[in-house]
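Report on the structure given below.
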Amino acid sequence: MMSESSLYLVFSNPLDGRDAEFEEWYEKVHVPQVVATPGMVSAQRYIVADTEMSRMAGPPAHRYLVVYEMNEDPDTVMGRVREQVAAGTMTLHEALDIENIAMSFWNPRGPQVLH
């Protein structure tokens, strides 16, 4: 087991006109299934904020973000997720724009700085 946690960031969008289905599936089905996977610690969903700075930068490619925290090797944990998908115990919803999803894994770099 790792001494530090890793973050798994998933940026996504629903297909046009499927926001309600996407939201319900993500909140009530998908996030609980993913967090129940051994090695997953937590999850927090986000929606992009409409700010003056973001309007100046232009619209982001994704409106939704989920930040998962893992306390084991990401390859090991994601292997468990893939096994669940292959077994049909974890499914993706057809309202998810799977073609444009983006994901990445992050390890701490330096100490956490607090105010």
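Computation of the quantities below employed the complete heavy-atom set of this structure, encompassing side-chain atoms and omitting hydrogens, waters and symmetry-equivalent molecules. For the single chain, residues carry numbers from 1 onward in sequence order.
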Taking only distance into account, with no hydrogens and no angle test, what donor-acceptor pairs under 3.5 Å do side-chain atoms of residues 108-115 form with protein atoms, sequence neighbours excluded?
none

Answer yes if Val67 and Met78 sit in the same cluster of Ile, Leu, Val, Met, Phe, Trp and Tyr residues linked by side chain heavy atoms under 4.5 Å apart, and no otherwise.
no
Return the set of residues passing side-chain contact (heavy atoms from CB on, under 4.5 Å) with Gln33 (not counting sequence neighbours), or none when no residue passes.
Val29, His30, Met90
Hydrophobic cluster (4.5 angstrom, side-chain heavy atoms) - remaining members for Leu15:
none
Can you tell me how far apart CZ (Arg55) and CG (Asp50) are? Round to the nearest 0.5 Å.
4.5 Å
Give a yes-or-no answer on whether the side chains of Asn71 and Ser5 include a donor-acceptor pair shorter than 3.5 Å.
no
Should Val31 and Met40 be counted in the same cluster of Ile, Leu, Val, Met, Phe, Trp and Tyr side chains packed under 4.5 Å apart?
yes
What pairs of residues pass the ring-ring contact (aromatic ring centres under 6.0 Å, His included) test when at least one of them lies in residues 41-60, not counting sequence neighbours?
none
Minimal non-hydrogen separation, His62 against Ala102, with atom names:
CE1-CB, 3.8 Å
Determine whether Phe11 and Val48 fall in the same hydrophobic cluster, where Ile, Leu, Val, Met, Phe, Trp and Tyr are linked whenever their side-chain heavy atoms lie under 4.5 Å apart.
no
Test salt bridge (Lys or Arg N to Asp or Glu O under 4.0 Å) applied to Glu21 - qualifying residues, sequence neighbours left out:
Arg18
Cluster link Tyr68 to Met103, ILVMFWY, side chain under 4.5 Å
yes
Once you round to the nearest 0.5 Å, how far does OH of Tyr26 lie from CG of Asp19?
13.5 Å
To the nearest 0.5 Å, what is the distance between CD on Gln44 and CG on Leu65?
9.0 Å
Does the side chain to side chain contact (heavy atoms under 4.5 Å, CB included) test come out yes or no for Tyr8 and Val81, once each step is laid out?
CA-CA 12 Å; Tyr8 169 39; Val81 169; over 6 Å; no
Test item: Asn13 and Phe22 side chains (from C-beta on) under 4.5 Å apart, heavy atoms:
no
Nearest atoms (heavy-atom pairs only) where Ser42 meets Val35:
C-CG2, 4.0 Å
To the nearest 0.5 angstrom, please state how far the CG atom of Asp97 sits from the CZ atom of Arg63.
10.5 Å
OG of Ser6 to CE of Met70, rounded to nearest 0.5 Å, is 7.0 Å
Which pairs, with at least one residue in residues 83-95 and sequence neighbours excluded, count as a side chain to side chain donor-acceptor pair (under 3.5 Å)?
Thr37-Gln84
Using the rule that Ile, Leu, Val, Met, Phe, Trp and Tyr join whenever any side-chain heavy atoms are under 4.5 Å apart, tell me whether Leu9 and Tyr64 fall into a single cluster.
no
